[in-house]
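A short worksheet on the structure shown next.
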Amino acid sequence: MRAREPLPRVSVSPAGQWDRVQRRSKAGRVEEPNPRENCRGGSRGGGGVERGAQELHFPKYSVGLHFPEREGRDSVSQSAPRVPPGQGLSFPERPAPPGAYRTWTLWPVRYAGWQASPSQFPAGDGGAMDSPEVTFTLAYLVFAVCFVFTPTEFHSAGLTVQNLLSGWLGSEDAAFVPYHLRRTAATLLCHSLLPLGYYVGMCFAASEKQLYYPSQTPETWRAFLLLALMLPAIACTLIYYWSRDHWACHPLARTLALYALPRSGWQAVASSVNTEFRRIDKFATGVPGARVIVTDTWVMKVTTYRVHVAQQQDVRLTVTEAQQHELSPDSHLPVQLLTIRVASANPAVPAFHIRLNSTEYGELCEKLRAPIRSAANVVIHQSLGDLFLETFASLVEVNPAYSVPSSQDLEACIGCMQTQASVKLVKTCQEVAVGECQQCYCRPMWCLTCMGKWFASRQDPQRPDTWLASRVPCPTCRARFCVLDVCAVR
């Protein structure tokens, strides 16, 4: 089969094309120009458009067009809209930006059909969001906020100052005070380097701004660079001041020095704090950025840049605020957060505030020696477990008492090992062989509090209305019992 030979190219000037259109309009019929005639001289299978650029002058818009050379047949509309008479088109020779072209549609629509590279034309809708500097700015902003206010995900990934510098900081359990002396200094220095890190990143993300040449950058970027350099300089100066005389000028060391004896220094008080922190009976709660630690002698709050310390025998604690939240992210249940002000009798020790869940309020009171006062408008809501324990104890007091034989000695509760066993399971709700409850033959081995906690742990948290009427197995022999079968030991 013989290949079809290309037809010769017919060149028609723009003036000649539109003279033909005007002659036809005078005859009473308006006919639109054929795009194939305009660009290929009416040849269906002719060669491609010559290299170069042309500009369409519409009544209101002027758009520069570039038609790159293509092989084969162009997709051109066969039914172009009619052009009103008197609106001519001119095609002056003018070079266009390389890489820009427009599909053929002879109709004055502004920027319709443009396909251009972003570097040649102004960015339209969404163009600014696609720029590298905007993308880097948003990503770095998210990273900086999460690095300063570390969420759980960053802690799990190890993106914290404590984890990144763990080799230099040491262990918190081994030496609490020296660890936090170094941690606060390292945290301050790392956070002060964040603006400088953003500037260095922008040197690569926006290389066209030439930010690596400060003399050629705009005034705004020079001011930002000056600020980014001043923050680490100030932080280094402050850290050097803290570290003088073996960290004696650090705020934590100066606070501990207020509790030192006349012939001893703050190191002796720090040694006492380290020893008490290593004990397992301390009270500790809160998020990493606002931890609350209570030992036998000290009340401490660990924040990002500082550690607040107060001695228990000199503090006054006051519940100043109680916030009720309908949903907790951990338990998906309502939660109440308490704000407690810790003020020392020594005016040189600054007061601070601690926040904790109301469910931990009872445990905190057990660890503290000083009483906690509440403001007049603050109502502390006990947890569901605490309310049940109070009700459980009141019902046990009404039940018949169990008399221990004289030959039997009461031992410590096997649940807490701190108090003496005080309850015995005896079936008193019904006859021995009647009902679902069973007779327990165990000797008294549990205290009232541990038995109540065991009873509550076997219940459905979503159905608290059924707790008192339910039956649970004995923690030792698995015999089922109810609240009426728990008898106090006499």
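This structure is a prediction, so every number in the text was calculated from the model and none was measured.
With respect to Q312, the side-chain contact (heavy atoms from CB on, under 4.5 Å) criterion is satisfied by exactly one of T295, T297, L368: L368. When N399, V423, T428 are each tested for a side-chain contact (heavy atoms from CB on, under 4.5 Å) with D485, only one passes: T428.
Side-chain contact between S171 and Y179 is absent, with no heavy-atom pair separated by less than 4.5 Å. Under the 4.5 Å side-chain criterion, counting only non-hydrogen atoms from C-beta, L256 is in contact with V309. T304 is not listed as a side-chain neighbour of V148, based on a closest heavy-atom distance of 4.5 Å or more. Looking at Y402 and V404, their side chains come closer than 4.5 Å, going by heavy atoms from C-beta outward. Between T137 and M202, the closest side-chain pair of non-hydrogen atoms falls below 4.5 Å.
Side-chain atoms of R490 and S403 include no donor-acceptor pair closer than 3.5 Å.
Classification of the W298-Y259 ring pair by plane angle, with boundaries at 30° and 60°, yields perpendicular. Ring pair F143/F154 is tilted by interplanar angle, where 30° to 60° counts as tilted.
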Using residues 433-446 as the side-chain source, report each donor-acceptor pair under 3.5 Å to any protein atom, sequence neighbours left out, with the distance given to one decimal.
from: Q439; atom 1: OE1; to: K427; atom 2: N; distance (Å): 3.4
from: W446; atom 1: NE1; to: T476; atom 2: OG1; distance (Å): 3.3

Cut-off 3.5 Å, no hydrogens considered: what does the side-chain donor-acceptor table look like for residues 203-212, sequence neighbours left out?
none

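Other residues, nucleotides and ligands place more than 12 heavy atoms under 6.0 Å from the NE2 atom of H155.
With a 6.0 Å cutoff to the six-membered ring centre and a 45° limit on the axis angle, K367 does not count as a cation-pi contact of F283.
Between D296 and R369 there is no salt bridge, since no side-chain N of the basic residue sits under 4.0 Å from a carboxylate O of the acidic one.
Pairing each heavy atom of V396 with each of C487, the nearest pair is CG1-C, 4.5 Å.
Under the ring-ring contact (aromatic ring centres under 6.0 Å, His included) criterion, Y305 pairs with H191, sequence neighbours left out. Every residue was checked against the salt bridge (Lys or Arg N to Asp or Glu O under 4.0 Å) condition with D460, not counting sequence neighbours, and none meets it.
Within the structure, ring-ring contact (aromatic ring centres under 6.0 Å, His included) pairs that include any residue of residues 460-490 comprise F388-W467, F455-F481 (at least two apart or interchain). Evaluation of the ring-ring contact (aromatic ring centres under 6.0 Å, His included) test over residues 406-436, restricted to residues two or more places apart or in two chains, returns none.
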